[in-house]
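Within every chain, numbering begins at 1; the chains are lettered A, B, ... in the order of the sequence lines, protein sequences first and strands thereafter.
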Amino acid sequence: DTGVSQDPRHKITKRGQNVTFRCDPISEHNRLYWYRQTLGQGPEFLTYFQNEAQLEKSRLLSDRFSAERPKGSFSTLEIQRTEQGDSAMYLCASSFRDRGLNTEAFFGQGTRLTVV
Amino acid sequence: DAKTTQPNSMESNEEEPVHLPCNHSTISGTDYIHWYRQLPSQGPEYVIHGLTSNVNNRMASLAIAEDRKSSTLILHRATLRDAAVYYCILRDGAYSGAGSYQLTFGKGTKLSVIP
């Protein structure tokens, strides 16, 4: 296992179309996060899973966004009816929590979405 | 999470030490200081973190002021591969239970390394 894997790396879609991204975390990590990053800004938190449970959602995650993590392994992030404002880099990260201690987050290389 | 303040950009000559400052005057007693960096076209990468004492690892050193209101990330010998955006982040270590490891990124410091 070489790290967090995201697919696809790039996606160009027309406004109004639905898109889905996949994230495969580091295998023993029980925590998975999605972030969004626009040009010139730092990443912004979207949502967080502990195993298969989605425990936190940012107000940035509108109704058009949905994330899942079935069986607590890989995760998908779907955006419905894409808008030009959704154009960004979508980053996935994973980490491990053991005995109340948080370890650092490991990020994937991201999926760059362009809505035209 | 408490807010941090970093310079927008810095330059360093290759093979010289680099000191990246971060101010966090509203830090609480349970806030850990984390540093991540983001190379061009990559996701962020963990660098180092600490609470009160200075910390060293293979990538960098973290010097924390006695009052903890500021810290400095030290790259002992900058290489071209160190050119990146460096983020200083505070994370509440008292957050427990089902709480997440959510990171609140600012704009960071863009480090340029001159050959």
Side-chain angles (χ1 to χ4, degrees), chain A residues 3-6 9-10 21 23 25-26 29-61 67 69 88-112, chain B residues 1-9 20 22 24 30-51 55 57-60 62 73 84-112:
Chain A
V4 178
S5 176
Q6 292 190 246
R9 293 289 312 278
H10 303 274
F21 311 139
C23 171
I26 293 172
H29 284 184
N30 50 10
R31 297 183 156 195
L32 186 146
Y33 311 82
W34 285 98
Y35 288 79
R36 182 176 72 183
Q37 185 173 27
T38 53
L39 202 61
Q41 305 294 318
E44 297 172 291
F45 171 76
L46 291 178
T47 190
Y48 148 69
F49 290 84
Q50 179 160 300
N51 300 312
E52 68 277 5
Q54 188 174 18
L55 297 184
E56 278 187 45
K57 287 196 281 189
S58 160
R59 66 183 187 282
L60 293 175
L61 210 67
R69 192 185 183 196
M89 174 77 84
Y90 290 85
L91 292 159
C92 176
S94 69
S95 69
F96 183 70
R97 180 183 170 92
D98 178 39
R99 295 187 296 277
L101 297 176
N102 288 303
T103 62
E104 67 265 28
F106 292 80
F107 284 79
Q109 291 188 306
T111 294
R112 179 164 296 284
Chain B
D1 291 329
K3 187 172 178 178
T4 62
T5 305
Q6 298 177 255
N8 290 333
S9 61
L20 296 164
C22 180
H24 29 79
T30 55
D31 283 334
Y32 282 77
I33 302 158
H34 292 253
W35 284 82
Y36 280 74
R37 73 180 186 180
Q38 188 170 21
L39 279 65
S41 302
Q42 302 286 319
E45 171 188 32
Y46 169 81
V47 177
I48 199 166
H49 78 281
L51 182 62
V55 183
N57 66 20
R58 62 174 180 82
M59 288 181 72
L62 176 60
L73 179 71
V85 178
Y86 287 78
Y87 298 99
C88 171
I89 300 165
L90 299 185
R91 172 67 168 84
D92 186 358
Y95 200 81
S96 60
S100 77
Y101 190 71
Q102 176 191 145
L103 297 167
T104 302
F105 291 83
K107 291 189 177 182
T109 296
K110 183 174 182 178
L111 175 67
S112 300

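When each of B:Gly108, B:Gly43, B:Pro44, B:Ser41 is scored by its heavy-atom pairs under 4.5 Å with chain A, the top score falls to B:Pro44. Counting heavy-atom pairs closer than 4.5 Å to chain B, the top residue among A:Glu44, A:Met89, A:Gln37 is A:Gln37.
B:Tyr86 and B:Gln6 form no side-chain donor-acceptor contact under 3.5 Å, judged by distance and modelled atom types alone.
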Inset, instruction - Check the pair B:Tyr87 / B:Leu103 against side chain to side chain contact (heavy atoms under 4.5 Å, CB included), numbers first and verdict last. - result: CA-CA 10 Å; B:Tyr87 298 99; B:Leu103 297 167; over 6 Å; no
Legend entry - Test side chain to side chain contact (heavy atoms under 4.5 Å, CB included) applied to B:Thr104 and A:Phe45, step by step: CA-CA 7 Å; B:Thr104 302; A:Phe45 171 76; over 6 Å; no
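Of the atoms belonging to A:Arg9, it is side-chain heavy atoms, and not backbone ones, that fall under 4.5 Å from chain B.
Between A:Gln6 and A:Tyr90 the shortest heavy-atom distance is NE2-O, 3.0 Å.
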